[in-house]
Amino acid sequence: MKIGRILLVLVLVALVLFVAFRVFQNMEARRKAARQPVAEKIVPVETALPRLAEIMERIKASANIQAEAEITIYSKVSGKITQNLVKMGSLVQPGQVVALVSRDEVGYEFKPYEVKSDVKGVVARLLQNPGAAVNPAIPLMALVEIDTVKVVAAVDERKIRFIQLGQSARVTLEAYPGEVFAARVTNISPVANPVNRTIDVELSLANPGYRIKPGMYAEAEWTTGRRQALVVPLTAIVDRADRKFVFLADGGQARMQPVTVGVIVGDAIEILTGLQGHEQVVTTGAGGLNDRDKIKVIGPPSAGN
């Protein structure tokens with residue numbers, strides 16, 4: 001019985017010694033690993049020098065196309081339409097007969113009344129079909145004058161001082177991407193929209209071939225000036241905590257520099273404050289950097305974009 005207890009004690013002592021030895025081995029391994037030198041992280045980057053670029057001062061405004069004029073045609077007599085002599089999209093000349101109206105009464109016979117247009121225009125809508133009863137108060141059709149069209153642009157009230165009568169403008173339309181149309185200011189509203197603080201500006205736009213349709217969406221743009229500005233590639237700008245920064249290559253380190261930015265010029269952006277123009281600004285790799293990270297500049301700095 002005593003021999004069994006002695007053996008149990010010896011086994012327990014041996015187990016404790018084994019565990020202690022393993023703990024000692026692990027602690028020694030950790031101390032050795034801590035004494036090993038850690039490989040320094042060096043981030044490869046590309047840089048660019050800020051450059052001067054010409055900035056075009058522009059005003060842009062969303063706009064809608066309207067007809068130069070819209071005319072509604074009525075019959076001067078009462079009766080029933082027997083025939084519409086035009087269809088939607090027809091070009092109508094002054095004096096042209098556009099519809100015939102029967103005005104027969106019991107006991108009388110009349111020659112069909114000819115409804116004529118007094119103006120030149122394009123049929124926008126036929127409002128009555130043959131057989132419909134009409135009188136001088138019922139509209140038959142609507143014509144639009146679209147040899148020239150009106151571009152009605154909503155200009156921000158803070159920029160209206162730069163717009164003048166007769167001033168030229170560029171107009172683009174979603175219907176014709178890549179095309180630019182020349183227009184000229186013909187009217188400026190004397191009142192502002194109290195909801196969105198814009199002022200309507202009308203421009204006249206020639207419309208050969210009637211390609212431009214009333215109701216189309218457009219954008220009007222005016223050039224109001226030019227200036228020189230310092231720019232860097234867009235890829236150099238990083239956002240941190242709602243602020244704009246660039247990283248400068250400074251003796252093998254990335255130095256974080258706050259900047260204020262202006263307008264975008266192609267694939268570059270204007271720098272208003274924060275740079276003098278001689279700094280090496282990190283472009284490729286800037287998004288993954290932190291202040292004072294070790295960097296290696298690959299190649300000479302480019303002249304920007």
Side-chain angles (χ1 to χ4, degrees), residues 56-76 81-101 114-130 132 134 138-156 159-160 162-189 193 196 198-224 266:
M56 305 287 286
E57 298 282 2
R58 292 188 172 98
I59 297 173
K60 291 184 178 181
S62 58
N64 289 299
I65 303 298
Q66 296 182 8
E68 185 69 24
E70 183 167 334
I71 303 96
T72 303
I73 293 180
Y74 298 83
S75 171
K76 294 181 180 179
I81 296 178
T82 58
Q83 188 178 2
N84 282 321
L85 301 179
V86 294
K87 59 184 179 179
M88 187 170 64
S90 296
L91 177 62
V92 174
Q93 299 294 339
Q96 180 176 338
V97 179
V98 296
L100 298 177
V101 174
E114 296 180 340
V115 180
K116 298 181 180 180
S117 172
D118 294 327
V119 298
K120 178 183 177 182
V122 176
V123 178
R125 294 180 299 277
L126 291 174
L127 304 175
Q128 306 297 332
N129 294 318
V134 296
I138 297 177
L140 302 186
M141 62 188 68
L143 306 184
V144 288
E145 294 183 13
I146 54 173
D147 287 341
T148 60
V149 292
K150 290 190 291 188
V151 183
V152 183
V155 178
D156 190 309
K159 299 178 181 179
I160 196 65
F162 300 109
I163 308 298
Q164 299 176 353
L165 289 175
Q167 187 174 359
S168 60
R170 293 155 47 96
V171 174
T172 54
L173 296 102
E174 288 187 347
Y176 302 111
E179 291 191 57
V180 178
F181 301 86
R184 192 167 297 278
V185 176
T186 54
N187 197 10
I188 301 174
S189 175
N193 185 322
N196 56 20
T198 59
I199 296 172
D200 284 348
V201 175
E202 290 184 5
L203 303 100
S204 180
L205 176 59
N207 189 24
Y210 304 149
R211 295 176 64 212
I212 303 173
K213 316 295 185 185
M216 282 183 171
Y217 175 79
E219 185 175 76
E221 179 182 289
W222 293 265
T223 300
T224 60

Would you find more than 12 non-hydrogen atoms of other residues, nucleotides or ligands less than 6.0 Å from [X] atom [atom1]?
X	atom1	value
Lys60	NZ	no
Asp118	CG	no
Met56	CE	yes

- Query: Does Phe181 have Arg170 sitting over its ring (NZ/CZ under 6.0 Å from centre, angle to axis within 45°)?
  - Reply: no
Indicate the atoms forming the closest heavy-atom contact of [X] with [Y], along with that distance.
X	Y	value
Ala61	Ala154	CB-O, 3.3 Å
Ile73	Lys116	CG2-O, 4.4 Å
Ala132	Gln128	CB-OE1, 3.8 Å
Asn84	Met141	OD1-CE, 4.0 Å
Val171	Ala183	CG2-CB, 3.8 Å
Lys87	Val123	O-CB, 3.4 Å

- Output, in order, the C-alpha distance, side-chain angles, deciding distance and verdict of side-chain contact (heavy atoms from CB on, under 4.5 Å) for Ile163 and Trp222. CA-CA 8 Å; Ile163 308 298; Trp222 293 265; 3.5 Å; yes
- List the steps and the verdict of side-chain contact (heavy atoms from CB on, under 4.5 Å) for Glu179 and Thr172. CA-CA 6 Å; Glu179 291 191 57; Thr172 54; over 6 Å; no
Measure the shortest side-chain to side-chain distance between [X] and [Y] over non-hydrogen atoms and say whether it is less than 4.5 angstrom.
X	Y	value
Ser204	Thr186	yes
Ser62	Glu219	no
Ile81	Leu100	no
Val134	Tyr74	no

- Message: Before you tell me yes or no, could you show the steps for Leu140 and Val115 under side-chain contact (heavy atoms from CB on, under 4.5 Å), namely the whole-Å CA-CA distance, both residues' side-chain angles and the distance that decides it to 0.1 Å?
- Response: CA-CA 9 Å; Leu140 302 186; Val115 180; 3.9 Å; yes
- Query: Between Asn207 and Ile212, is there a donor-acceptor pair closer than 3.5 Å when you use the side chain of the first and the backbone of the second?
  - Reply: yes
Roughly how far, to the nearest 0.5 Å, is [atom2] of [Y] from [atom1] of [X]?
X	Y	atom1	atom2	result
Glu68	Thr148	CD	OG1	4.0 Å
Thr72	Leu143	OG1	CG	8.0 Å
Ile59	Ile160	CD1	CD1	8.0 Å
Leu85	Ser117	CG	OG	12.5 Å
Ile65	Met216	CD1	CE	8.0 Å
Glu114	Ser75	CD	OG	11.5 Å

- Task: Start with the C-alpha gap between Ile188 and Leu165, add the side-chain angles, then the distance that decides, and say whether side-chain contact (heavy atoms from CB on, under 4.5 Å) holds.
- Result: CA-CA 7 Å; Ile188 301 174; Leu165 289 175; 4.2 Å; yes
- Task: Any pair with a residue in residues 139-153 that passes salt bridge (Lys or Arg N to Asp or Glu O under 4.0 Å), sequence neighbours left out, goes on the list, sorted by first then second residue, please.
- Result: Lys120-Asp147
- Note on the structure: Sequence neighbours excluded, the answer for side chain to side chain donor-acceptor pair (under 3.5 Å) partners of Thr198 is Asn196
- Message: Less than 4.0 angstrom from a charged side-chain N to a carboxylate O is my criterion; do Arg125 and Glu70 meet it?
- Response: yes
